[in-house]
Amino acid sequence: MKNRVKNLCINISEKYIENSSHTESSVDNVDDENFLIFSSQEQCFDSRADLEVVQFFNNKNKALTCVDSYPTIKKLFIRYNTSLPSSAPVERLFSFAGFIHAPNRKTVSTWIDRETSSKANSILFSLKQGETLLSIHILAKVFSLSMPLSRQLQKEDIDLSISMELADNVMSAVCLLRTNAAEEFKIIYSDVEKKCESLGIIISIPRLAINRTNRLNISTESPEDYFRILIFIPFLDNFCEQLNDRFLNHKSLLKQFTCLINANEKNETEFKELLKTYSADIEADEVSAIGEFTIWHHQVKNKNPKNATEAFINCNEEIFPTVHQLLKIFITLPVTTASSERSFSSLRRLKTYLRNTTGENRLNGLAVMNIHRDLVVTTDEIIDTLALKIDALN
């Protein structure tokens, strides 16, 4: 059987070499139907094909890469082992492509499904309204001003003083936008008007009722004035109000805490207010706490910390217990809910059914490692911590 296969390979190799001397597409001229016809007579060839086939069959290397040493055998191998047995996979691929890229997918509003088509029609109708386009551009304008504050509030180590400063800057920018509402909205309106012209959309005042109870009765014939009074100005007023309620009303509390890191001025009045506010967390009496604050103020003058976190790191808990406790409260004040939301998102990935019996300490450790992935913990630090715990147990 081996000799028959060898003779067949010699035969097809001879034909391949013979045809390749006449044309570049020699493989297509080889008689494929006769390749698997087993002849009862064994043929012998004293040629290059005979030598290459004999060397290939005598090669003990069974790896697929061995065919690289035999160029004729490699070309025949590629021809007879890489051809598709049928066109079914290709036809199946085109069938799926025809289903996915159907013309109806470009126009969802024409689908037979009434619920889907009605929702698509509603969205399409809203997007074709000038009021919707104006609202989107107004949101983009205002939210571009609050983007730095949003990035600050998404950080893990949020500093209240920096957040309040950014909120104050955003408030100033939005108030300036509100003061120049006519000029700023004119720029937005002109940009939207150009885009609406390219899309074939007309910005017009909607139909107004004589007696309107739920919306403002604006008596104007200019669409620009109408939408400025109806959308732009109320949105700016509401944004400023929300920003003021959320951040800027806490200025008094921040002012009290800044006395702990302010090296230029010693304000005992603000420090006393802090003691009254957090009396449940402070164990020292007022006289000793004020004396501790006086010494701490001299130390702040020498070190001049840049923020509350740096002051907390430099504060010795044994020497300044009251100041240390107040600084701890200051740097852990919850500015936003981003940290807690991030914790719950991490717990959803960590608390799986495979860790159903995980203890609280281990779960907290895994959550901290997952949330604070940017902190590098070396092996030496882990060994030192474990060694201290072992010494404490002994």
Side-chain angles (χ1 to χ4, degrees), residues 149 152-172 240-343 360-361 364-365 367-368 371-372 375 385 388-389 391-392:
L149 178 60
Q152 168 65 21
L153 297 179
Q154 292 296 323
K155 293 175 63 177
E156 296 177 359
D157 50 343
I158 303 176
D159 194 320
L160 179 61
S161 58
I162 297 177
S163 301
M164 297 289 288
E165 184 180 355
L166 280 174
D168 197 7
N169 295 335
V170 173
M171 173 65 80
S172 301
C240 292
E241 182 181 357
Q242 294 293 331
L243 192 63
N244 185 68
D245 293 340
R246 182 65 185 86
F247 293 101
L248 302 182
N249 284 339
H250 302 288
K251 276 187 176 180
S252 59
L253 180 62
L254 178 64
K255 186 178 179 182
Q256 294 174 4
F257 275 109
T258 52
C259 68
L260 300 174
I261 58 176
N262 189 1
N264 299 323
E265 182 182 359
K266 177 188 174 185
N267 196 333
E268 290 188 4
T269 305
E270 300 294 342
F271 184 75
K272 290 179 181 179
E273 292 295 330
L274 276 179
L275 293 178
K276 291 179 182 179
T277 305
Y278 299 101
S279 58
D281 300 314
I282 305 301
E283 298 180 356
D285 59 291
E286 184 176 343
V287 177
S288 60
I290 292 175
E292 180 182 325
F293 171 69
T294 303
I295 303 302
W296 168 253
H297 183 70
H298 288 287
Q299 188 168 354
V300 168
K301 284 184 177 180
N302 298 329
K303 295 186 178 180
N304 194 15
K306 297 180 181 179
N307 48 43
T309 306
E310 185 177 345
F312 176 76
I313 295 173
N314 295 328
C315 182
N316 193 324
E317 184 178 4
E318 297 180 355
I319 301 175
F320 305 101
T322 304
V323 176
H324 186 274
Q325 184 67 18
L326 291 174
L327 287 173
K328 183 187 293 185
I329 295 172
F330 184 30
I331 65 176
T332 56
L333 283 175
V335 183
T336 63
T337 60
S339 299
S340 58
E341 292 174 0
R342 193 179 295 114
S343 300
E360 183 178 355
N361 292 333
N364 290 338
V368 170
I371 295 171
H372 302 281
L375 299 179
T385 304
L388 293 175
K389 288 185 176 181
D391 293 340

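Note: hydrogens, waters and symmetry copies are ignored here, and every other heavy atom, side chains too, is used.
In this structure, Trp296 and Ile319 have side chains that are not in contact, with every pair of non-hydrogen atoms separated by 4.5 Å or more. Between Phe320 and Gln299, some side-chain heavy-atom pair lies under the 4.5 Å cut-off. The closest side-chain heavy-atom distance from Phe312 to Thr309 is not below 4.5 Å. At least one side-chain heavy atom of Leu243 sits less than 4.5 Å from a side-chain heavy atom of Leu149. You'll find the side chain of Asn316 stays beyond 4.5 Å of the side chain of His324, heavy atoms only.
The distance from atom CD1 of Ile329 to atom CG of Leu274, rounded to the nearest 0.5 Å, is 8.5 Å. With values rounded to the nearest 0.5 angstrom, Ile261 atom CD1 is found 10.0 Å from Asn304 atom CG. Note that CD of Glu286 and CZ of Phe271 are 9.0 Å apart. Values are rounded to the nearest 0.5 Å. The CG atom of Leu326 sits 9.5 Å away from the OG1 atom of Thr277 when rounded to the nearest 0.5 Å. One distance of note links CG of Leu327 with CD of Gln325; it measures 10.0 Å at 0.5 Å rounding. Remark: Cys315 SG to Lys328 NZ distance equals 10.5 Å, nearest 0.5 Å.
In this structure a side-chain-to-backbone donor-acceptor pair under 3.5 Å is missing from Asp168 to Met164. For the pair Asn244 (side chain) and Cys240 (backbone), a donor-acceptor distance under 3.5 Å is absent.
Other residues, nucleotides and ligands contribute more than 12 heavy atoms inside 6.0 Å of the CD atom of Glu268. In this structure, Glu292 places its CD atom where more than 12 heavy-atom neighbours from other residues, nucleotides or ligands lie under 6.0 Å away. The 12-atom threshold is not exceeded at CD of Glu283, counting heavy atoms of other residues, nucleotides or ligands nearer than 6.0 Å.
In this structure, Ala289 and Leu275 approach most closely via the heavy-atom pair CB-CD1, 3.8 Å.
Annotation: side-chain contact (heavy atoms from CB on, under 4.5 Å) contacts of Ser288 (sequence neighbours excluded): Ala284, Asp285.
The ring of Phe330 has its center no closer than 6.0 angstrom to the ring center of Tyr278.
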